[in-house]
Amino acid sequence: MSTPSRHNHGEARGCGRIHLLASSWKLPFGVDKLFKSLEAERDRRLPLLSLEDHERYGDTYGQYSGGMFTILTRDSRNIASLLSGQSSKFDYGNLRQICFGCLLGEGIFTENGEDWKRSRKLLASELQKPKFPPLSIIESHFQDMLRAISPPDETPSSIDVRPIFYNYTLDTGTDLFLGVSTNLLASPSSINNEGKRFSLAFNKALRWLATRERFKTFAWLVTGPELWSLCNTARDSLENMIIEAQRQEMGSTVTPFNDFLGRTTDIGKARDELMSLLFAARDSNASLLCWIIYVLAREPEVFKKLEKDVLSIAGDDSSVPPTDFDLTRMQYLEDVLYECLRLFPAVPINGRICNTTTTLPAGGGRSGEEPVFVPKGALVCFSTFGCHRSTKYYGEDAMEFRPERWREVDVKTRTRDYTFHPFIGGPRKCLGEDFALKLTKYTICRLIQCFGAIRVDNLESQDTSNWQEKIKYQIGLTMSPDDGVHVKLTRR
Ligand code: HEM
């Protein structure tokens, strides 16, 4: 383990000293920091702790955490350098394999180097096919979801849409990636028992993985027969679904993975790639849908404006879904989406391990404007949550939900300078960005075509003033509202 003083030795490279947080209990390896995070997590305010720490200690500072020297930054220059300019000097080391390998095996999410390149090429060629995902497949799962959130005999219906969105994104994802859907929301006659088995084990295993991730190098401490049994069940079940998909000669129902799955004899590899894809796609997309509905139920003016934008293009006949072209014209819908991704990014804090001693452009010296020294082996965490809420980048109203801001500085400019990076950027940029935006736009547009009002339905309080201050954040592998998304939906 290198000493703190070494981490400030970058003078020869023109670096300034990084502000290094003292370890208050003098416990080794930053164990106290780990406890502080666990405490904030218990209180459902983990992302806010990171924000407060940046306000207090600066946009970039250092500390010991989970046994590693860690640099924490929300400076967009550092994030750009880490993810793009110097991306080859940062990777996941074996951290991802330690934390997630038991479920994911060896797929795009856990791999580095040549193996990762191969996986990325394979998945990119499938995900980036034109017109993917086809709206007709999404529509069939939307209809299942509609039945689940609003049975025809109940008006208005009161429901927590969060678990439904998680099932919806899994049903849609498995159908689109595999050609066989888990069908969790389908009518009883179409239930897929293998899909149900997979989903139960997958959900529980993800909870274990989220805790393992928090423990970083100590992840191996978070283990037990239950974890292994869940991972084995999920892996076994996904394999069975792949075999079933192959059996059904997927060539007949053109899904993107026909070529890949239809050809492969290495079922284990196919399973690992698909597991990584579902791991990446399911929760993040469900989290975005949750936040949008959470906000719309609390911001009636935004709902009204969105309704006008969507219905003026798609019409209010819920039996006529929008086309691909319609979706590209819904400007305000896009602004609402970006504003949700800004304030509530699915992955609020992320990190990379430095594999070659280097420097980052900012955060050193008294001014924080000098480069900082990054020793090999250091963990660099970047707070997307903190960067997206920085007044330096977004002005005094950075904490406010204001979709109109996306008409002032457009998303391309902000993505280019990394002041907005919900899908990160650089070579390991999210492969499903277009997919996620299209699925989300389609789903929100369809919900607005079907429902004329979305209101908060919370037994404790319907007072939506200062709603942001009351949010409790659930941090699993992605961030979602802790109390769920309880709403009352009124049919048009
Ligand atoms: C709103 C929805 C989504 C958000 C906010 C999101 C965000 C992200 C982020 C932040 C990462 C980087 C993780 C890291 O390296 O630490 C990532 C990676 C990835 N995402 Fe997404 N994602 C979303 C939806 C999807 C969907 C729908 C898919 C698949 C169709 C997908 C596929 C992937 C893949 C394959 C990676 C790994 C890329 C690599 O390591 O090369 N994502 N995503």
Step-by-step side chain to side chain donor-acceptor pair (under 3.5 Å) determination, Glu334 to Trp406: CA-CA 9 Å; Glu334 201 163 279; Trp406 294 100; over 6 Å; no
Stepwise side chain to side chain donor-acceptor pair (under 3.5 Å) test for Thr419 and Ser76: CA-CA 5 Å; Thr419 53; Ser76 66; 5.9 Å; no
Salt bridge (charged side-chain N to carboxylate O under 4.0 Å, His left out) between Glu408 and Arg405, worked out: CA-CA 5 Å; Glu408 293 152 18; Arg405 74 177 77 245; 5.9 Å; no
CA sep, side-chain torsions, deciding dist, call: Asn78, Ser81, side chain to side chain donor-acceptor pair (under 3.5 Å): CA-CA 5 Å; Asn78 287 343; Ser81 179; over 6 Å; no
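Counting non-hydrogen atoms of neighbouring residues, nucleotides and ligands closer than 6.0 angstrom, the CD atom of Glu299 exceeds 12 such neighbours. Atom NZ of Lys204 has 12 or fewer heavy atoms from other residues, nucleotides or ligands within 6.0 Å.
A salt bridge links Arg74 with Glu55; the closest basic N to acidic carboxylate O contact falls under 4.0 Å. Using a 4.0 Å cut-off between a side-chain N of Lys or Arg and a carboxylate O of Asp or Glu, Glu301 and Lys304 qualify as a salt bridge. For Arg77 and Glu369, the salt-bridge test passes: some basic side-chain N is under 4.0 Å from an acidic carboxylate O.
Checked by atom type and distance alone, the side chain of Thr357 pairs as donor or acceptor with a backbone atom of Lys376 at under 3.5 Å. No side-chain donor-acceptor contact under 3.5 Å links Lys472 to the backbone of Asp483. Checked by atom type and distance alone, the side chain of Asp171 pairs as donor or acceptor with a backbone atom of Leu185 at under 3.5 Å. In this structure a side-chain-to-backbone donor-acceptor pair under 3.5 Å is missing from Asp335 to Glu404. Side-chain atoms of Asp482 do not come within 3.5 Å of backbone N or O of Ile471 as any donor-acceptor pair. Without hydrogens or angle criteria, Ser229 side chain to Pro225 main chain gives no donor-acceptor distance under 3.5 Å. Judged purely by atom type and a 3.5 angstrom limit, Arg428 has no side-chain atom pairing as donor or acceptor with the backbone of Gly425. The backbone N or O of Phe165 sits less than 3.5 Å from a side-chain atom of Thr169, completing a donor-acceptor pair. Between the Asp75 side chain and the Asp59 main chain, no donor and acceptor come within less than 3.5 Å of each other. Remark: side-chain polar atoms of Thr110 are paired, donor with acceptor, to backbone N or O of Gly105 under 3.5 angstrom.
Under the 6.0 Å distance and 45° angle rule, Arg414 counts as a cation-pi partner of Tyr394.
Between Ser465 and Lys470 there is a side-chain heavy-atom pair separated by less than 4.5 Å. Side-chain contact check for Val302 versus Glu339: every heavy-atom pair is 4.5 Å or farther apart. At a threshold of 4.5 Å between non-hydrogen side-chain atoms, the residues Thr413 and Asp410 count as touching.
Using cut-offs of 30° and 60° on the angle between ring planes, the pair Tyr473 and Phe385 is perpendicular.
Of all heavy-atom pairs spanning Phe198 and Ala234, the tightest one is CD1-O, 3.4 Å. Nearest heavy atoms, Arg389 versus Ala398: O-CB, 3.6 Å.
Tyr294 is linked by a ring pair (Phe, Tyr, Trp, His ring centres under 6.0 Å) to Trp291, counting only residues two or more places apart in sequence or in another chain. With sequence neighbours excluded, no residue forms a ring pair (Phe, Tyr, Trp, His ring centres under 6.0 Å) with Tyr442. Here Ile349 pairs with Ser50, Cys381, Ser383 under the side-chain contact (heavy atoms from CB on, under 4.5 Å) rule; sequence neighbours left out. Not counting sequence neighbours, the partners of His388 by the ring pair (Phe, Tyr, Trp, His ring centres under 6.0 Å) test are Phe420, His421. For Tyr418, there are no ring pair (Phe, Tyr, Trp, His ring centres under 6.0 Å) partners two or more places apart in sequence or in a different chain.
Taken to the nearest 0.5 Å, the CD atom of Glu213 stands 4.0 Å off from the CZ atom of Phe100. Residue Asp283 holds its CG atom at 6.5 Å from CG of Leu477, rounded to the nearest 0.5 Å.
For residues 87-104, there are no salt bridge (charged side-chain N to carboxylate O under 4.0 Å, His left out) pairs, not counting sequence neighbours.
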